[in-house]
Peer 1: 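One structure coming up, written as structure tokens, with questions to follow.
These numbers come from the heavy atoms of this one structure, side chains and all, not from hydrogens, waters or symmetry mates.
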Amino acid sequence: MNKDDPYGHFADVMQGAMSTHSRQAVSGLGAVLGTITASGVKLDDFKHEVQDYLVAELPGTLNLPEREITGAISGISDVANGGTTGTGRFLLQKGEVEEAVWSLGKGLKAGDRVLAMRVNGGNDIVVLCKVVSVNA
């Protein structure tokens with residue numbers, strides 16, 4: 001840049017200011033890890049516990065594959081004895097559960113590590129999911 005060029009100097013100043021403002025605007029946004037506490041969530045990059053936060057809920061159709069399970073059987077009528085108990089195998093057919101809702105908030109407990117997202121300009125926190133170690 002030529003030192004005598006006032007427009008070039010102005011452009012450099014504007015570019016620096018815009019870069020600084022952009023960096024500041026997005027510094028408080030994005031995904032962050034945190035820990036569920038007894039009364040809220042503590043984000044790794046924020047020193048205070050957040051007590052007023054949102055939790056993701058995933059509505060949709062749940063598809064269940066065909067599967068076989070083993071379980072207890074009781075109360076089946078037996079003519080000779082009046083009732084029977086024991087174990088049995090059950091073949092469950094493939095099926096769908098419409099309007100199923102996976103409520104993440106009901107499964108979280110204090111100490112769980114979570115992935116959270118800042119939204120609404122960083123004013124709200126949404127817990128998206130629980131995170132676990134691949135070796136857990």
Side-chain angles (χ1 to χ4, degrees):
M1 176 187 96
N2 183 351
K3 291 183 180 184
D4 296 328
D5 181 9
Y7 297 107
H9 178 68
F10 177 71
D12 287 342
V13 169
M14 289 301 293
Q15 181 181 7
M18 293 302 288
S19 177
T20 299
H21 286 294
S22 297
R23 204 173 18 261
Q24 289 174 346
V26 299
S27 67
L29 302 177
V32 63
L33 290 174
T35 304
I36 296 295
T37 65
S39 58
V41 61
K42 169 71 177 75
L43 302 178
D44 289 1
D45 66 352
F46 189 62
K47 65 181 180 178
H48 301 288
E49 176 187 68
V50 178
Q51 295 179 345
D52 185 20
Y53 65 99
L54 305 167
V55 179
E57 188 173 272
L58 304 174
T61 299
L62 177 63
N63 291 306
L64 300 170
E66 183 176 296
R67 64 216 174 277
E68 185 175 306
I69 60 173
T70 302
I73 301 172
S74 63
I76 296 177
S77 178
D78 181 357
V79 176
N81 300 324
T84 185
T85 61
T87 59
R89 292 188 348 214
F90 304 91
L91 177 62
L92 302 176
Q93 297 178 346
K94 179 179 174 178
E96 289 185 349
V97 178
E98 292 186 19
E99 298 181 17
V101 176
W102 177 50
S103 298
L104 176 64
K106 294 179 182 176
L108 295 174
K109 58 185 179 299
D112 284 346
R113 296 286 288 157
V114 295
L115 177 65
M117 178 73 74
R118 289 183 179 91
V119 296
N120 296 331
N123 293 321
D124 293 316
I125 304 296
V126 180
V127 174
L128 301 174
C129 63
K130 179 179 172 180
V131 294
V132 296
S133 170
V134 69
N135 298 321

Peer 1: Hey, could you give me the CD1/CG distance between Ile69 and Leu92, rounded to the nearest 0.5 Å?
Peer 2: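 CG of Leu92 is found 4.5 Å from CD1 of Ile69.
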Peer 1: Atom CD of Glu98 and atom CG of Asn63: how far apart are they, to the nearest 0.5 Å?
Peer 2: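 The CD atom of Glu98 sits 9.5 Å away from the CG atom of Asn63.
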Peer 1: With sequence neighbours excluded, tell me which residues meet salt bridge (Lys or Arg N to Asp or Glu O under 4.0 Å) with Asp112.
Peer 2: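 By the salt bridge (Lys or Arg N to Asp or Glu O under 4.0 Å) rule, Asp112 matches Lys109, Lys130.
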Peer 1: If you count every heavy atom of other residues, nucleotides or ligands that lies below 6.0 Å from Arg89 atom CZ, does the total exceed 12?
Peer 2: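 At most 12 heavy atoms, drawn from other residues, nucleotides or ligands, come within 6.0 Å of this atom.
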Peer 1: Tell me whether the count of non-hydrogen atoms from other residues, nucleotides or ligands lying under 6.0 Å of CG in Asp52 goes above 12.
Peer 2: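 No - once you tally the heavy atoms of other residues, nucleotides and ligands closer than 6.0 Å, there are 12 at most.
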Peer 1: In Å and rounded to the nearest 0.5 Å, what is the CG to CG distance from Asp45 to Leu33?
Peer 2: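 Taking CG in Asp45 and CG in Leu33, the distance rounds to 9.5 Å.
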Peer 1: Which atom names give the shortest non-hydrogen contact between Ala38 and Ala110, and what distance separates them?
Peer 2: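 It is N-CB, 3.9 Å.
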Peer 1: Please check if the number of heavy atoms outside Gln93 that lie under 6.0 Å from its CD is greater than 12.
Peer 2: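 Open: at most 12 neighbouring heavy atoms sit under 6.0 Å from CD of Gln93.
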Peer 1: So, for Val101 and Glu57, which heavy atoms are closest and what is the spacing to 0.1 Å?
Peer 2: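 Shortest heavy-atom separation between Val101 and Glu57 comes out as CG1-CG, 3.2 Å.
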Peer 1: So which atom in Ala31 and which in Met117 form the shortest heavy-atom distance, rounded to 0.1 Å?
Peer 2: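 For Ala31 and Met117, the tightest heavy-atom pair comes out as N-SD, 3.6 Å.
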Peer 1: Using every non-hydrogen atom in the two residues, find where Glu49 and Gly40 come nearest and quote the distance to one decimal.
Peer 2: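 In terms of heavy atoms, the two residues are closest at OE2-N, 3.7 Å.
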Peer 1: Going by side-chain heavy atoms closer than 4.5 Å, which hydrophobic residues are tied to Leu104, directly or by a chain of links?
Peer 2: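 Answer for Leu104: Val32, Ile36, Val41, Leu43, Phe46, Val50, Tyr53, Val55, Leu58, Trp102, Leu108, Val114, Ile125, Val127.
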Peer 1: Rounded to the nearest 0.5 Å, how far apart are OG1 of Thr37 and NZ of Lys42?
Peer 2: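 One finds 10.0 Å between OG1 of Thr37 and NZ of Lys42.
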Peer 1: Does one side chain, of Arg113 or Thr35, offer a donor that lies under 3.5 Å from an acceptor on the other?
Peer 2: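 Their side chains do contain a donor-acceptor pair, which is all the 3.5 Å distance test asks for.
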Peer 1: So for atom CD, which belongs to Glu68, do other residues, nucleotides or ligands contribute more than 12 heavy atoms lying within a distance under 6.0 Å?
Peer 2: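 For Glu68, atom CD is crowded (more than 12 foreign heavy atoms under 6.0 Å).
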